[in-house]
Chemist: 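I'd like to ask some things about the structure below.
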Amino acid sequence: MHITVLFCLLSLIAVRPAYADCKVRDIERELSSGGWTFESRGKDSDGDNVFRLVKDGTIAMLYAEPDGDLMFRSYYEAEHRLSDLNKINRKYRYLKAYRDDDDDIVFGADVASWDDSCPYDISKYTRLFFSILESAESDLP
């Protein structure tokens with residue numbers, strides 16, 4: 001009986017999903033298949049893979065964490081009031097607008113990976129980010 005219980009416990013541990021590191025080549029393959037213009041920037045101090053994305057002159061950064069979480073950021077050196085950024089935050093649910101430590105305006109969106117694996121649909125999230133970004137930019141005075 002003890003051996004049966006031990007075997008069942010070991011079986012449960014074995015079927016637990018394995019941690020799938022988000023590798024540069026996987027991200028590059030996904031971005032290439034989506035037709036994106038991008039450049040790999042290596043790893044940042046947190047160990048995230050960093051990519052510079054360009055669409056119609058708009059530049060964004062993609063930070064892909066090893067556990068599959070994605071962070072999109074676009075930076076602007078423009079003058080806008082805090083009320084302008086708050087308007088964006090109220091209107092766009094999946095986009096956050098704020099000023100960073102350098103007083104630049106940042107538009108950002110985060111995508112969590114709940115199963116700690118590299119997303120296979122990074123191109124879809126990239127399209128969504130640029131689409132929301134374009135709309136938000138047009139709403140700024």
Chemist: Y125 and S123: side-chain donor and acceptor closer than 3.5 Å?
Modeler: no
Chemist: Hey, is D84 close enough to R81 for a salt bridge, meaning N to O under 4.0 Å?
Modeler: yes
Chemist: Can you run down the ring-ring contact (aromatic ring centres under 6.0 Å, His included) pairs that involve residues 27-69, sequence neighbours left out, and say none if there aren't any?
Modeler: W36-F130
Chemist: Nearest 0.5 Å please: distance from the CD atom of E28 over to the OG atom of S33.
Modeler: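 Result: 12.0 Å between the selected atoms.
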Chemist: Going by atom types alone, do D56 and T58 pair a side-chain donor with an acceptor below 3.5 Å?
Modeler: no
Chemist: Charged N to carboxylate O under 4.0 angstrom, D110 versus R73?
Modeler: yes
Chemist: Report whether Y75 and F129 are members of the same hydrophobic cluster (ILVMFWY, side-chain heavy atoms less than 4.5 Å apart, transitive linking).
Modeler: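 In one cluster: no.
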Chemist: Could you tell me which non-hydrogen atom of A64 sits nearest to which non-hydrogen atom of L70, and how far apart they are?
Modeler: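 So the minimum-distance heavy-atom pair works out to CB-CD2, 3.9 Å.
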Chemist: Pair D26, K23 - check salt bridge (charged side-chain N to carboxylate O under 4.0 Å, His left out), show working.
Modeler: CA-CA 5 Å; D26 298 331; K23 299 197 180 337; over 6 Å; no
Chemist: Roughly how far, to the nearest 0.5 Å, is the CG atom of L95 from the OG atom of S135?
Modeler: 9.5 Å
Chemist: If every non-hydrogen atom of I27 is compared with every non-hydrogen atom of C118, which pair is closest and at what distance?
Modeler: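 Looks like CG1-SG, 4.4 Å.
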Chemist: Between N49 and K43, do the side chains contain a donor N or O and an acceptor N or O under 3.5 Å apart?
Modeler: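 Yes - a donor-acceptor pair under 3.5 Å links their side chains.
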Chemist: Is E39 atom CD crowded by more than 12 heavy atoms from other residues, nucleotides or ligands, each under 6.0 Å away?
Modeler: yes
Chemist: Please identify which of these residues, I59, V106, D104, I105, meets the side-chain contact (heavy atoms from CB on, under 4.5 Å) condition with Y76.
Modeler: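 Of I59, V106, D104, I105, side-chain contact (heavy atoms from CB on, under 4.5 Å) with Y76 is met by I105 alone.
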Chemist: Quick one: do M61 and S74 satisfy side-chain contact (heavy atoms from CB on, under 4.5 Å)? Show the steps, please.
Modeler: CA-CA 6 Å; M61 302 300 289; S74 192; over 6 Å; no
Chemist: Please report the shortest heavy-atom distance between H80 and R99, naming the atom on each side.
Modeler: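 That would be O-NH2, 2.6 Å.
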Chemist: Check whether any side-chain N or O of D121 sits under 3.5 Å from a backbone N or O of K124 as a donor-acceptor pair, and report yes or no.
Modeler: no
Chemist: Between atom CZ of R127 and atom CD1 of I122, what is the distance when rounded to the nearest 0.5 Å?
Modeler: 12.0 Å
Chemist: Taking atom CG of L53 and atom OG1 of T126, what is their separation to the nearest 0.5 Å?
Modeler: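 The OG1 atom of T126 is 5.5 Å from CG of L53, to the nearest 0.5 Å.
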Chemist: How long is the gap from OG on S138 to CG on L133, to the nearest 0.5 Å?
Modeler: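 Separation between the atoms: 10.0 Å.
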Chemist: Look at the side-chain heavy atoms of Ile, Leu, Val, Met, Phe, Trp and Tyr, link any pair under 4.5 Å apart, and say whether F72 and Y98 land in one connected group.
Modeler: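 In one cluster: no.
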Chemist: Please confirm whether the backbone N or O of D46 pairs with a side-chain atom of D44, one donor and one acceptor, at under 3.5 Å?
Modeler: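 Yes, the answer is positive, given that a donor and an acceptor are paired below the 3.5 Å cut-off.
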Chemist: Hey, quick one: are L62 and L128 part of the same hydrophobic cluster, counting side-chain heavy atoms closer than 4.5 Å, chains of contacts allowed?
Modeler: yes
Chemist: Can you pull out every salt bridge (Lys or Arg N to Asp or Glu O under 4.0 Å) where at least one residue sits in residues 131-141? Sequence neighbours excluded, please.
Modeler: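 For residues 131-141, and leaving out neighbouring residues, the salt bridge (Lys or Arg N to Asp or Glu O under 4.0 Å) pairs sorted by first residue read K91-D139.
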Chemist: Does one hydrophobic cluster hold both L85 and Y92, with members joined at side-chain heavy-atom distances below 4.5 Å?
Modeler: yes
Chemist: Looking at G47 and P66, what are the two nearest heavy atoms and their distance?
Modeler: O-CG, 3.6 Å
Chemist: Quick one: do M71 and I132 end up in the same hydrophobic cluster if we chain Ile, Leu, Val, Met, Phe, Trp and Tyr together by side-chain heavy atoms under 4.5 Å apart?
Modeler: no
Chemist: Starting at CZ of F107, measure out to NZ of K96 and round the result to the nearest 0.5 Å.
Modeler: 13.0 Å
